Every structure is written in C-alpha cells, then in structure tokens.
Amino acid sequence: MSATFAVLATVLAHGTAMAQDTPQGQPLSVIDWLDTQPASQPLPQPAALLPDEPDVATSGSVAQVTVAPLDGQGPRIIGLVPSDVTGLPDSLWTHSDAQSLTRKLGTLTAQHLPSAQSLFYTVLLAETAPPKAKQKRSSWPELMR
C-alpha cells in the first residue's frame with residue numbers, strides 16, 4: 001500500500017511541476033502543437049464591393065394591386081396536378097352526382113396492378129371542377145371524408 005502511495009505522490013508532484021511550467025492563467029493543452037503556433041495575423045479587409053450592374057427599379061412607386069373578395073363565386077378548381085400534366089379535362093367530375101360519386105369511390109377495392117394504381121391516383125389528384133351537389137351545397141373535400 002505504501003508503494004502505491006509513493007507512486008501516486010510522484011505522479012501528482014510531476015503533474016503539478018508541469019502545470020507550473022505554463023504561464024499563469026493559461027490553460028493546459030493536451031496537444032503540443034497548439035501551444036507552439038504563432039500568433040494569428042489579422043485577416044485583410046476586402047475593398048468595398050460595388051456591383052457592376054444597373055439599378056433594378058426605375059422608381060420607388062408602389063405597383064397597382066388588384067383586390068377580389070374571397071367569398072365571391074370564382075372558379076373552383078380542386079386538385080393537386082394540373083390538367084395539362086394529367087391529360088384529363090377540367091370537367092371530369094362536373095356531370096357526376098357528388099353523393100353517388102362519393103359512394104362509388106368509397107366502395108373501390110385496392111388496386112394491385114401498378115398501372116391501375118397509377119391511373120387511380122392520377123384521377124383522384126387531377127385538378128378538376130367539383131361534381132354537382134343535388135340536395136345541399138357541400139364542398140367537394142367534405143364529401144371525400
């Protein structure tokens with residue numbers, strides 16, 4: 001036990017002697033080359049950058065803004081994929097009854113063929129006018145719930 005104590009005392013004495021070699025207030029470094037690096041030089045400041053392009057605006061006036069009420073009857077096109085991408089007409093659902101279309105879409109089974117799945121999702125995601133509602137005016141997204 002006394003041998004262990006002697007080794008421990010030697011290590012501690014050696015460590016405090018090494019710690020006294022560093023300047024006061026400086027942290028000890030585990031990596032030697034960090035202590036031997038020269039002082040960093042200040043970076044040169046870049047010259048003022050002036051763009052070589054003409055002014056963008058010809059005046060500071062505000063452009064004319066067109067305003068329309070949100071509750072007005074505007075074109076109601078619903079969907080995510082435009083008709084020029086899908087190839088389907090905007091009037092795909094307009095002559096359908098909303099209730100029967102909802103019922104028929106709800107009874108469809110899972111499509112196992114990749115081409116059938118692709119066509120099914122294309123039809124569902126196409127931007128089209130909503131179907132007619134017979135009894136009360138309801139929105140197409142509410143019917144799809």
Side-chain angles (χ1 to χ4, degrees), residues 4 7-145:
T4 307
V7 170
L8 183 60
T10 306
V11 169
L12 287 176
H14 181 65
T16 53
M18 287 180 58
Q20 292 172 357
D21 291 342
T22 60
Q24 193 66 3
Q26 295 292 324
L28 295 175
S29 175
V30 176
I31 305 171
D32 294 336
W33 59 265
L34 285 176
D35 290 334
T36 60
Q37 286 191 351
S40 61
Q41 299 293 327
L43 296 174
Q45 296 297 325
L49 300 175
L50 298 175
D52 294 336
E53 58 186 41
D55 294 335
V56 176
T58 57
S59 71
S61 64
V62 178
Q64 183 177 359
V65 177
T66 305
V67 179
L70 294 177
D71 60 352
Q73 292 294 325
R76 288 185 62 204
I77 300 295
I78 299 170
L80 298 175
V81 184
S83 61
D84 59 340
V85 174
T86 61
L88 299 171
D90 292 340
S91 61
L92 179 68
W93 305 116
T94 54
H95 299 295
S96 302
D97 175 45
Q99 298 298 329
S100 65
L101 183 62
T102 303
R103 195 170 40 257
K104 289 178 183 178
L105 285 175
T107 60
L108 281 176
T109 58
Q111 307 295 322
H112 297 291
L113 295 173
S115 58
Q117 278 183 341
S118 176
L119 178 62
F120 180 67
Y121 288 123
T122 299
V123 167
L124 288 181
L125 295 175
E127 283 184 353
T128 61
K132 296 177 189 174
K134 277 191 175 179
Q135 297 165 352
K136 65 175 186 168
R137 185 169 179 237
S138 58
S139 68
W140 175 241
E142 288 175 8
L143 293 174
M144 291 306 292
R145 289 186 191 161

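Here the structure is a predicted model, which is why all the values come from computation and not from measurement. These numbers come from the heavy atoms of this one structure, side chains and all, not from hydrogens, waters or symmetry mates.
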**Q** Judged by atom type as modelled, is there a donor-acceptor pair below 3.5 Å linking the side chain of Q111 to the main-chain atoms of A116?
**A**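 No, Q111 side chain to A116 backbone: no donor-acceptor pair under 3.5 Å.
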**Q** Is the backbone of P114 close enough, under 3.5 Å, to the side chain of S118 for a donor and an acceptor to pair up by distance?
**A**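 Between the backbone of P114 and the side chain of S118 there is no qualifying donor-acceptor contact (under 3.5 Å).
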**Q** For S96 and P131, which heavy atoms make the closest approach, and how far apart are they?
**A** O-CB, 3.5 Å
**Q** Are F120 and L108 side-chain neighbours, meaning at least one heavy-atom pair lies under 4.5 Å?
**A**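 Contact flag for F120/L108 side chains = yes.
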**Q** Would a 4.5 Å heavy-atom cut-off, applied to side chains only, mark V123 and L92 as touching?
**A**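 V123 vs L92: side chains touch.
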**Q** Will you find, in the side chains of S83 and D90, an N or O donor that is under 3.5 Å from an N or O acceptor?
**A**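 Result is yes, a qualifying pair exists.
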**Q** Out of curiosity, E127 CD to L88 CG, how far, rounded to the nearest 0.5 Å?
**A**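 Interatomic distance, E127 CD to L88 CG, rounded to 0.5 Å: 11.5 Å.
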**Q** Checking T94 now: which residues fulfil side chain to side chain donor-acceptor pair (under 3.5 Å) with it, not counting sequence neighbours?
**A** none
**Q** Can you name the residues that form a side-chain contact (heavy atoms from CB on, under 4.5 Å) with L125, not counting sequence neighbours?
**A** L80, V81
